[in-house]
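Side chains included, hydrogens not; waters and symmetry mates left out as well; all remaining heavy atoms used. A, B, ... follow the sequence lines: proteins, then strands. Residue 1 opens every chain.
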Amino acid sequence: NAGVTQTPKFQVLKTGQSMTLQCAQDMNHNSMYWYRQDPGMGLRLIYYSASEGTTDKGEVPNGYNVSRLNKREFSLRLESAAPSQTSVYFCASRSSGGVADTQYFGPGTRLTVL
Amino acid sequence: AQSVTQLDSQVPVFEEAPVELRCNYSSSVSVYLFWYVQYPNQGLQLLLKYLSGSTLVKGINGFEAEFNKSQTSFHLRKPSVHISDTAEYFCAVSTYNQGGKLIFGQGTELSVKP
């Protein structure tokens with residue numbers, strides 16, 4: 001039981017390049033989330049998926065797209081990376097069995113955009 | 001809309017001393033409250049959560065938090081800290097109608113010195 005896994009762990013991009021961050025969970029959770037973490041700002045929600053086949057914008061969606069490929073996988077795509085997207089990205093998942101179930105986080109992807 | 005304010009960005013403390021990490025929130029509806037911990041270069045893990053009932057909540061690693069509705073606070077405490085408690089701590093809120101989305105505070109860096 002690996003929990004939430006993310007790939008890659010580190011990535012360096014040049015401005016304008018594109019990339020996809022991968023996330024998978026093996027806990028049979030319905031809901032999945034993408035956050036970014038910046039110093040002094042905590043974690044901010046980029047996009048989330050309440051269930052397979054649905055996605056919704058969070059607090060900071062501009063410059064990102066997501067795909068809920070199946071119940072296990074939720075990817076985050078940067079179409080044209082900008083230096084402002086330098087951040088640590090966390091994926092999380094949550095079962096929907098209770099009104100305030102715990103979110104479980106992956107280890108993060110540290111992205112630098114030059 | 002909800003918001004969370006963690007009143008201290010850094011808290012240095014000596015080993016075996018008590019510590020309190022402060023968290024205040026703002027919301028027009030009832031909230032669920034969480035404390036997460038992030039050890040260096042890792043993802044977040046849940047310390048404790050308040051859903052309803054007793055206002056004193058006990059979590060892992062000897063931490064506890066008290067929900068104070070009148071002061072809209074959810075401060076985290078530990079009577080005696082260890083070097084291994086050095087980490088960043090995040091307070092977060094969610095509400096029943098928000099699909100489990102978390103709003104995080106800015107984080108408090110706890111540094112335990114020998």
Side-chain angles (χ1 to χ4, degrees), chain A residues 2-7 9-10 21 23-25 27 29-51 54-61 68 74 87-110, chain B residues 1-10 21-25 27 29-53 57 59-60 65 67 74 87-109:
Chain A
V4 180
T5 57
Q6 293 182 236
T7 56
K9 286 187 167 50
F10 302 94
L21 282 65
C23 173
Q25 52 91 8
M27 295 175 282
H29 286 171
N30 290 318
S31 302
M32 297 185 74
Y33 307 82
W34 276 105
Y35 295 90
R36 59 177 288 172
Q37 182 183 21
D38 301 293
M41 302 187 75
L43 279 76
R44 292 178 292 168
L45 183 65
I46 305 171
Y47 270 93
Y48 69 102
S49 170
S51 61
T54 68
T55 61
D56 283 291
K57 294 178 181 179
E59 184 184 352
V60 288
R68 184 75 183 266
F74 188 38
S87 188
V88 182
Y89 291 85
F90 289 99
C91 177
S93 71
R94 184 184 77 94
S95 106
S96 300
V99 295
D101 286 344
T102 301
Q103 283 192 27
Y104 294 86
F105 285 79
T109 294
R110 189 173 295 272
Chain B
Q2 293 75 43
S3 66
V4 179
T5 302
Q6 291 182 242
L7 297 162
D8 306 292
S9 59
Q10 295 180 320
L21 306 183
R22 298 181 293 166
C23 172
N24 285 97
Y25 69 91
S27 176
V29 298
S30 295
V31 296
Y32 307 118
L33 294 153
F34 304 79
W35 276 100
Y36 280 84
V37 60
Q38 183 182 31
Y39 298 105
N41 299 313
Q42 294 187 26
L44 280 70
Q45 67 180 86
L46 183 71
L47 268 181
L48 49 79
K49 61 184 176 183
Y50 172 79
L51 306 182
S52 64
V57 181
I60 61 172
F67 170 57
F74 190 54
E88 189 151 22
Y89 293 78
F90 293 94
C91 182
V93 302
S94 72
T95 61
Y96 181 80
N97 61 350
Q98 292 278 325
K101 291 183 289 183
L102 291 172
I103 306 297
F104 284 89
Q106 302 90 329
T108 297
E109 193 176 320

> Would you say the side chain of A:Glu59 lies within less than 4.5 Å of the side chain of B:Lys101, judging by non-hydrogen atoms?
no
> With B:Tyr25, which residues qualify under ring-ring contact (aromatic ring centres under 6.0 Å, His included), at least two apart?
none
> Measure B:Glu88 against the heavy atoms of chain A and call it side chain, backbone, both or neither at under 4.5 Å.
side chain
> Pick one of side chain, backbone, both or neither for A:Leu43, based on which atoms fall under 4.5 Å of a heavy atom in chain B.
both
> Mark yes or no for whether B:Tyr36, through its side chain, and A:Gln103, through its backbone, hold a donor-acceptor pair below 3.5 Å.
yes
> So what's closer than 4.5 Å to chain A heavy atoms on B:Leu44: side chain, backbone, both or neither?
both
> Could you tell me whether the side chain of B:Ile103 reaches within less than 4.5 Å of the side chain of A:Arg44, counting heavy atoms only?
no
> For B:Gln38, which atoms come within 4.5 Å of any heavy atom of chain A: side chain, backbone, both, or neither?
side chain
> Could you state the interatomic distance from CG (B:Asn41) to NZ (A:Lys9), rounded to the nearest 0.5 Å?
11.5 Å
> Output all residues satisfying ring-ring contact (aromatic ring centres under 6.0 Å, His included) with A:Tyr35, sequence neighbours left out; order by chain, then residue number.
A:Phe105, B:Phe104
